[in-house]
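Working notes, structure below.
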Amino acid sequence: MPIADRCITPVLFVLLLISASACTQNGLETEDGALRLVDAFPALSFTRPVDFQTADDGSNRLFVVEQAGVIRVFDNDPEVGEHAVFLDIRERVRDAGNEEGLLGLAFHPDYAQNGTFFVDYTASDPRRTVIARYRVDPRNPDRALPGSEEVVLEIPQPFGNHNGGQIVFGPDGYLYISMGDGGSGGDPRGNGQDRSTLLGALLRIDVEATDAEGAAYAIPPDNPFAGNEDGFREEIYAYGLRNVWRFSFDGPTGRLWAADVGQNAYEEVNVVERGGNYGWNVMEGLHCFEPSEGCDRDGLEMPVWEYSHGEGSSITGGFVYRGTEVPELEGRYVVADYVSGRIWALTYDGAEAEAEELMDTALAIASFGVDQREEFYVLAFDGKIYRIVEGTE
């Protein structure tokens with residue numbers, strides 16, 4: 001999870017959840033009452049929900065990933081009374097660390113036809129990230145086949161934190177994978193600036209092809225380091241990232257938004273470009289990290305927005321809002337902080353972002369999601385899923 005290196009004590013974590021539960025019973029309101037959070041599915045509860053997806057197959061079903069290794073499915077109806085187990089792979093998943101577990105889910109763009117989806121999870125002996133393909137049961141659309149696993153990619157993990165965890169099919173049909181810098185603190189192995197490793201990077205692979213050496217994927221020919229002779233990993237799309245826990249594409253603009261968790265002082269948001277170097281561990285946000293003064297910023301891409309640890313200590317990336325229920329959020333990137341519970345909306349002019357704080361929730365916000373209508377959902381570690389709505393009750 002994005003908070004492992006925040007040194008949050010168990011007592012403080014419990015207080016966060018108690019505070020979140022108390023303040024959300026009747027919705028959370030801004031000072032002027034313009035926006036609030038409401039429980040989207042009052043009859044449902046989840047255990048450490050970390051991802052929220054739709055299969056985009058016309059069924060209007062929702063899928064929620066629980067960190068221990070379970071994916072649950074249910075109808076997108078506020079009156080829904082129960083969820084079903086879509087996939088249970090707890091016996092394969094290592095979730096001993098706060099940032100380990102089943103972390104990401106991505107449905108194939110042609111899922112309605114091929115019934116294929118992908119997951120990102122951490123495993124043991126040795127500790128590693130696993131990207132795997134699964135298939136749905138052709139006789140039951142609400143059940144996947146646990147025995148259908150095909151491992152696509154495995155990446156060694158030296159420590160138990162900074163595993164990234166998001167996987168997303170981009171508008172180009174390729175699978176994008178966020179990988180943290182490998183963990184510990186301060187990037188002791190220098191993975192963020194090392195292009196010979198898959199750590200500290202955003203990866204891009206073609207899961208519809210294999211390579212000449214028998215790998216279960218191929219390198220897109222326009223990847224920035226495809227065919228290089230310098231020993232750089234060809235899967236890398238962008239690098240210099242500390243721990244992008246959540247990233248997303250904005251359909252109308254094609255922009256790739258990535259929220260990168262900070263170290264000691266700053267959290268940041270990047271608009272990621274192909275081949276970009278986003279600075280870690282030379283930079284933390286807009287500031288020098290190693291060395292602390294006079295660092296060389298040449299060739300580094302700067303974040304479009306940052307905030308200090310006076311406002312929060314662990315960023316949770318979201319989405320650009322493209323729904324219809326909250327018109328004032330149209331075209332704005334919504335992001336939150338796991339520790340403080342603050343939610344912001346960013347307006348971006350193509351160079352810099354200006355942020356407006358929407359609300360201070362005290363929720364432990366672990367992730368966001370959108371449904372087939374592109375309406376917005378907030379996942380919190382009180383076990384609930386919320387919607388942002390307008391007006392007072």
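Because the structure is a prediction, the values reported are computed rather than measured.
Note: Asp260 CG to Arg246 CZ = 13.5 Å, rounded to the nearest 0.5 Å. Atoms CD1 and CZ, on Ile385 and Phe52 in that order, are 5.5 Å from each other to the nearest 0.5 Å. Between atom CG of residue Asp120 and atom CD1 of residue Ile131 there is a gap of 3.5 Å, rounded to the nearest 0.5 Å.
Taking a 6.0 Å sphere around CG of Asp230, one finds it holds more than 12 heavy atoms contributed by other residues, nucleotides or ligands. Crowding of Glu150 atom CD: a count of heavy atoms from other residues, nucleotides or ligands under 6.0 Å exceeding 12. Other residues, nucleotides and ligands place no more than 12 heavy atoms under 6.0 Å from the CD atom of Glu82. Annotation for Arg90: atom CZ does not count as buried by contact number, only 12 or fewer foreign heavy atoms lying within 6.0 Å.
Checked against the 6.0 Å centroid criterion, the rings of Phe63 and Phe74 do not qualify as a close aromatic pair. Close placement of the Phe249 and Tyr176 rings is indicated, their centers lying within 6.0 Å of each other. In summary, the aromatic rings of Tyr307 and Trp305 are positioned with their centroids under 6.0 Å apart. Outside the 6.0 Å centre-distance limit, the rings of Phe46 and Phe41 are not counted as a close aromatic pair.
Partners of Glu311 under the side-chain hydrogen bond (donor to acceptor under 3.5 Å, both in side chains) rule, at least two apart in sequence or in another chain, do not exist in this structure. In this structure, the side-chain contact (heavy atoms from CB on, under 4.5 Å) partners of Ser248, at least two apart in sequence or on a different chain, are Trp257, Phe319, Tyr333. Residues passing the side-chain contact (heavy atoms from CB on, under 4.5 Å) test with Pro146 are Leu87, Arg143, sequence neighbours excluded. Scanning for side-chain contact (heavy atoms from CB on, under 4.5 Å) contacts around Glu330 gives Arg322, with sequence neighbours left out.
Residues Tyr377 and Asp371 bring a donor and an acceptor atom of their side chains to less than 3.5 Å of each other. Counted by atom type alone, Gln193 and Asn277 present one or more donor-acceptor pairs between their side chains at under 3.5 Å. Checked by atom type, the side-chain pair Tyr321/Glu375 shows a donor-acceptor distance below 3.5 Å. Side-chain contact, Arg61 with Thr54: no donor N or O sits under 3.5 Å from an acceptor N or O. Glu235 and Tyr217 share a donor-acceptor pair across their side chains, judged by distance under 3.5 Å alone. Side chains of Glu267 and His309: a donor on one and an acceptor on the other come within 3.5 Å. Thr122 and Arg94 form no side-chain donor-acceptor contact under 3.5 Å, judged by distance and modelled atom types alone. In this model, a donor atom of one side chain and an acceptor atom of the other lie less than 3.5 Å apart for Asn270 and Glu268. At a cut-off of 3.5 Å, with distance as the only test, no side-chain donor of Ser178 or Gln166 sits close to an acceptor on the other residue.
Within the 3.5 Å criterion, the main-chain N or O of Tyr174 finds no donor-acceptor partner in the side chain of Asp206. Judged by distance alone, the side chain of Arg133 and the main-chain N or O of Val207 form a donor-acceptor pair under 3.5 Å. The backbone N or O of Val73 sits nowhere less than 3.5 Å from a side-chain atom of Asp142 that would complete a donor-acceptor pair. Without hydrogens or angle criteria, Arg128 side chain to Ser124 main chain gives a donor-acceptor distance under 3.5 Å. Remark: side-chain polar atoms of Gln263 are paired, donor with acceptor, to backbone N or O of Gly186 under 3.5 angstrom. In this structure, the side chain of Arg242 does not engage the main chain of Gly279 through any donor-acceptor pair within 3.5 Å. No donor-acceptor pair closer than 3.5 Å links the side chain of Asn163 to the backbone N or O of Gly165. Of the possible polar contacts, none joining the Asn243 side chain to the Trp245 backbone as a donor-acceptor pair under 3.5 Å is found. A side-chain donor-acceptor contact under 3.5 Å links Lys384 to the backbone of Pro42. Remark: the backbone N or O of Asn191 is not paired with any side-chain donor or acceptor of Thr197 at under 3.5 angstrom.
Criterion: ILVMFWY side-chain heavy atoms under 4.5 Å apart, direct or through other members. Under it, Val65 and Tyr111 are part of a common hydrophobic cluster. Criterion: ILVMFWY side-chain heavy atoms under 4.5 Å apart, direct or through other members. Under it, Leu256 and Leu241 are part of a common hydrophobic cluster. Leu105 is connected to Phe381 through a chain of hydrophobic side-chain contacts under 4.5 Å among Ile, Leu, Val, Met, Phe, Trp and Tyr, so both are in one cluster. Grouping the Ile, Leu, Val, Met, Phe, Trp and Tyr side chains by contacts below 4.5 angstrom, directly or via other members, places Val269 apart from Phe247. One hydrophobic cluster holds both Ile219 and Ile236 under the rule that ILVMFWY side chains link at heavy-atom gaps under 4.5 Å.
Pairs engaging residues 67-166 under the disulfide (SG to SG under 2.5 Å) rule: none recorded [sequence neighbours left out]. Residue pairs meeting the disulfide (SG to SG under 2.5 Å) criterion with at least one member in residues 252-331, sequence neighbours excluded, are Cys288-Cys295.
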(message) side chain to side chain contact (heavy atoms under 4.5 Å, CB included), that's the test. Do Gln67 and Thr47 meet it? Break it down for me.
(response) CA-CA 8 Å; Gln67 190 173 358; Thr47 302; over 6 Å; no
(request) Determine, step by step, whether Glu357 and Arg342 satisfy the salt bridge (charged side-chain N to carboxylate O under 4.0 Å, His left out) criterion, reporting the C-alpha distance in whole Å, the side-chain angles of both residues, the deciding distance to 0.1 Å, and the verdict. (result) CA-CA 7 Å; Glu357 185 174 315; Arg342 288 185 167 96; 3.2 Å; yes
(request) Begin with the C-alpha distance, continue with both residues' side-chain angles, and end with the deciding distance and a verdict on side-chain hydrogen bond (donor to acceptor under 3.5 Å, both in side chains) for Glu301 and Tyr278. (result) CA-CA 5 Å; Glu301 303 295 333; Tyr278 291 86; 5.1 Å; no
(request) Go through the steps for Trp280 and Asp181 under the test side-chain hydrogen bond (donor to acceptor under 3.5 Å, both in side chains), then give the verdict. (result) CA-CA 9 Å; Trp280 178 252; Asp181 66 7; 2.8 Å; yes
(message) Go through it in stages, so that I can follow the logic: the residues are Arg48 and Asn98, the test is side-chain hydrogen bond (donor to acceptor under 3.5 Å, both in side chains), and I'd like the CA-CA distance, side-chain angles, deciding distance and then a yes or no.
(response) CA-CA 10 Å; Arg48 292 179 74 90; Asn98 192 48; 2.7 Å; yes
(request) Test Thr347 against Glu354 for side-chain hydrogen bond (donor to acceptor under 3.5 Å, both in side chains), laying out the working first. (result) CA-CA 5 Å; Thr347 302; Glu354 181 177 343; over 6 Å; no
(message) Is there a side chain to side chain contact (heavy atoms under 4.5 Å, CB included) between Ile177 and Ile205? Walk through the geometry before answering.
(response) CA-CA 8 Å; Ile177 304 163; Ile205 61 175; 3.9 Å; yes
(request) Check step by step if salt bridge (charged side-chain N to carboxylate O under 4.0 Å, His left out) holds for Glu325 and Arg387. (result) CA-CA 10 Å; Glu325 295 181 358; Arg387 291 191 304 120; 3.0 Å; yes
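Between His287 and Tyr266, the angle of the ring planes stays under 30°, which puts this pair in the parallel group of the 30/60° scheme. Relative ring orientation between Phe86 and Phe117 is described as tilted, the plane-to-plane angle lying within the 30° to 60° band.
Checking each of Val152, Val130, Leu102 against Val119 for a side chain to side chain contact (heavy atoms under 4.5 Å, CB included) leaves exactly one that passes, namely Leu102.
Seen from the ring of Phe232, Arg195 counts as a face-on cation partner, given the 6.0 Å and 45° thresholds.
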